[in-house]
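Each ligand, and each atom within it, is numbered from 1 in the order the structure gives. Heavy-atom basis, side chains included; hydrogens, waters and symmetry copies ignored.
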Amino acid sequence: MADKNEWGSNLSFILAMIGSAVGLGNIWRYPYVLYSNGGGAFYIPYIVAILLMGIPFLILEYGVGYNFKSSFAKAARKINSKCEYLGWFLPVAVFMIMIYYSAILGWDGIYIILSFFKGWGVNPDAFFATTLLHSSESYMGLLDFIPVIAVAMLAGWVIIWFISHRDLEAGLGKVSKILVPALFIIMVIIVIFSLTLPGASIGLAELFNPDWSLLGHFEIWMAAFGQIVFSLSLGMSIAFTYASYTRDDADLITNTISIALANSLFENFAALGVFSILGYMSLQSGTAVSELVTQGTGLVFVVYPTVFNVLGQWAYVLGPLFFLTVYLAGLTSILSTIEPLSFSIQNKFGLSRSKTMTILIIVGACISMIYATAFGGTLLGFVDTFINQIALLFGVIVECIIFAWIFKAEKLIDFLNSKTKTITLGKWWLLIVKYILPIFISIIWIGGMFDVAHSGSFDQLNFTIASAILLLVATLIFTILPAKNPDWDNAEERV
Ligand code: PHE
């Protein structure tokens, strides 16, 4: 029998990890990144980013997580007691993602229902911004509470609670085994259907049209590395936590390769679907693809409903399927964002998995209600930028240093190689994780900070500072609260 925090099988581990990686980033971010960074030519930096960063870094994160078989905060403390603060930083930052992801999930839940009768009406843009979100860029919007969104978000939290408060295998493990394959199957159906639409080839020609001259530009390399950090959920303490839940026989190198492949397969599939549909729209409306293409909420909640409006009867099939895919992709990702903090709390304070999850979910759901206000959409944009461009990349650098240097990545090589059925690690791996990665990610991080400092509005800067303070204070509280679990200082090592 697996214990409360152990996968029942390697398959559960792999599928849950794919579930975490395959998320909104694969559907609404990747197609746009590919298109706007050289199309076909983008594959070169993309593949380099996977081989040079994605796979080597995931192997490191898994290796250390597996070694400790305990939570991120507990392991960080064991590696060096001065690192405990850093050990709480990432789990708390990832929990902040959970809170705003729940808003997107809520919006999408509403769209699943609307898609059965094209309830967004003839002007999807105005519907999304005004009718649904009451979008307001002023703080006063916080006073305008939107019950429909609150209900949709709470429904999401109930589903999350239902899955997460159970033992790991009975909840997350089982659900991943059903939802992740379902997600891939629905995506395949959507893509096949989209490819048969008139005009699909127009979209695809635009998407893949390679602009080789961009290869010499620094930006597309940054974009590729940024996409891989986000898409593979690298360095977020999630991969670490999932690996710590594995049993003693895991081939972590081969698992990593499978997960990276599945993630890329899914996002490239999504890109085919998105651009075929944009090609169709371009043919119908005479608008150039370049004017239709966008990312994020604009793509999912505005461009897609606009396409469904002109698609006729098929929209009643494709619409619900599409919003369901987004929901499942979001759900399997959001489920991963609570694990690092939950496991760290269980370890330090001796609470059960079920109790910890229940408390965290109630706290998360209450805080998330701030997004069910007219200021919610604007706030979400600010927090998202802060977390993705600043906090997480900082976390990745920190993880790299703690794992590769303080823990010493060398210690893992013999163990990882003894289990592998595919590639074996050598000096090249150490060179990557100790030198190339921290330097590269630091460059992307500094670039992102400049971006926010230069192009952010005054409000955005204020909210970025407020989010940073909140994150740092919450992290501090977890660090200084006295441990209740006598085992807290006993992180066993497996390797
Ligand atoms: N990897 C997810 C995606 O591609 C995003 C994510 C980030 C998920 C952080 C969990 C935690 O959308």
Side-chain angles (χ1 to χ4, degrees), residues 14-34 46 49-50 53-54 57-58 61 65 72 89-105 107-108 156 160 163-164 172 176 179-180 183-184 187 223-242 256 259-271 274 295-297 299-300 325-343 360 364 380 383-396 399 448 471:
I14 294 188
L15 290 178
M17 209 41 232
I18 296 175
S20 169
V22 169
L24 299 172
N26 300 56
I27 299 175
W28 80 21
R29 192 167 185 276
Y30 178 73
Y32 182 82
V33 171
L34 172 61
Y46 177 74
I50 294 174
M53 177 178 71
F57 192 91
L58 259 192
E61 196 174 344
F72 190 68
F89 178 85
L90 273 169
V92 174
V94 171
F95 185 62
M96 280 173 86
I97 301 188
M98 177 175 211
I99 297 176
Y100 72 77
Y101 235 71
S102 73
I104 304 171
L105 216 55
W107 300 343
D108 188 71
I160 294 167
I163 300 168
S164 296
L172 187 58
S176 303
L179 293 191
V180 174
L183 182 60
F184 274 74
M187 196 53 164
F225 278 76
Q227 171 65 22
I228 291 301
V229 170
F230 184 79
S231 182
L232 276 177
S233 322
L234 279 192
M236 300 187 187
S237 68
I238 293 176
F240 177 97
T241 308
Y242 278 22
T256 304
I259 291 159
L261 270 178
N263 185 57
S264 288
L265 196 72
F266 189 93
E267 62 192 9
N268 282 288
F269 238 72
V274 167
Q295 62 172 337
T297 50
L299 179 72
V300 172
T325 313
V326 173
Y327 203 87
L328 294 184
L331 181 64
T332 53
S333 290
I334 202 173
L335 287 171
S336 72
T337 52
I338 195 169
E339 293 292 337
L341 185 59
S342 158
F343 197 27
L360 279 179
L380 195 149
V383 178
D384 180 59
T385 308
F386 164 68
I387 292 284
N388 282 309
Q389 296 212 19
I390 301 177
L392 284 181
L393 284 180
F394 172 71
V396 177
E399 243 194 38
L471 171 59

_From I228, V94, L392, I238 - option closest to atom 11 (C) of ligand 1 by heavy atom_ = I238
*Kindly indicate, with the supporting measurements, whether the criterion side chain to side chain contact (heavy atoms under 4.5 Å, CB included) is fulfilled by L105 and I334.*
CA-CA 9 Å; L105 216 55; I334 202 173; 4.1 Å; yes
*Would you confirm whether E399, through its side chain, and S237, through its main-chain N or O, come within 3.5 Å as a donor-acceptor pair?*
yes
_For S20, the ligand 1 atoms whose distance to one of its heavy atoms is below 4.0 Å_ = 1 (N), 2 (C), 8 (C)
*Give the atoms of ligand 1, by number and element, whose distance to some non-hydrogen atom of N26 is under 4.0 Å.*
3 (C), 4 (O)
*For L24 and ligand 1, does the shortest N/O to N/O distance drop below 3.5 Å?*
yes
*Can you name the closest pair of heavy atoms from S333 and V22 and give their distance?*
OG-O, 3.2 Å
*Is the side chain of T332 donor-acceptor paired with the backbone N or O of A329 at a distance under 3.5 Å, no angle test?*
yes
*For atom 10 (C) of ligand 1, what's the nearest protein heavy atom and its distance?*
T337 CG2, 3.7 Å
*Is the side chain of N26 donor-acceptor paired with the backbone N or O of G23 at a distance under 3.5 Å, no angle test?*
yes
*How does F230 reach ligand 1, if at all, at less than 4.0 Å between non-hydrogen atoms: by side chain, backbone, both, or neither?*
both
*Please lay out, stage by stage, how F240 and F343 fare under the test ring pair (Phe, Tyr, Trp, His ring centres under 6.0 Å).*
CA-CA 11 Å; F240 177 97; F343 197 27; 8.9 Å; no
*Provide the number and element of each atom of ligand 1 under 4.0 Å from a heavy atom of A21.*
1 (N), 2 (C), 3 (C), 4 (O)
*asked:* If you define the side chain from C-beta out and look only at heavy atoms, does anything of L90 sit under 4.5 Å from L392?
replied: yes
*Heavy atom under 4.0 Å from ligand 1: found in I334's side chain, backbone, both, or neither?*
neither
*Protein contact of atom 5 (C) of ligand 1 - nearest heavy atom, named by residue and atom, plus distance*: Y101 OH, 3.5 Å
*Short list, please: which atoms of ligand 1 are under 4.0 Å from a heavy atom of G23?*
3 (C), 4 (O), 12 (O)
*asked:* Side chain, backbone, both or neither: which applies to M236 and ligand 1 if a contact is any heavy-atom pair less than 4.0 Å apart?
replied: side chain
*May I ask you to identify the nearest protein heavy atom to atom 6 (C) of ligand 1, giving residue, atom name and distance to one decimal place in Å?*
S233 OG, 3.9 Å
*For atom 12 (O) of ligand 1, what is the nearest protein heavy atom, given as residue, atom name and distance?*
G25 N, 2.7 Å
_I'd like to check which ligand 1 atoms, numbered from 1 as shown, lie under 4.0 Å from a non-hydrogen atom of S231._
1 (N), 4 (O)
*For ligand 1, which atoms sit closer than 4.0 Å to a heavy atom of I97?*
9 (C)
*Quick one: are N263 and I18 in side-chain contact, heavy atoms under 4.5 Å?*
no
*Donor-acceptor contact present, side-chain D384 to main-chain L380, <3.5 Å*: no
_pair W28-I104: side-chain heavy atoms closer than 4.5 Å_ = yes
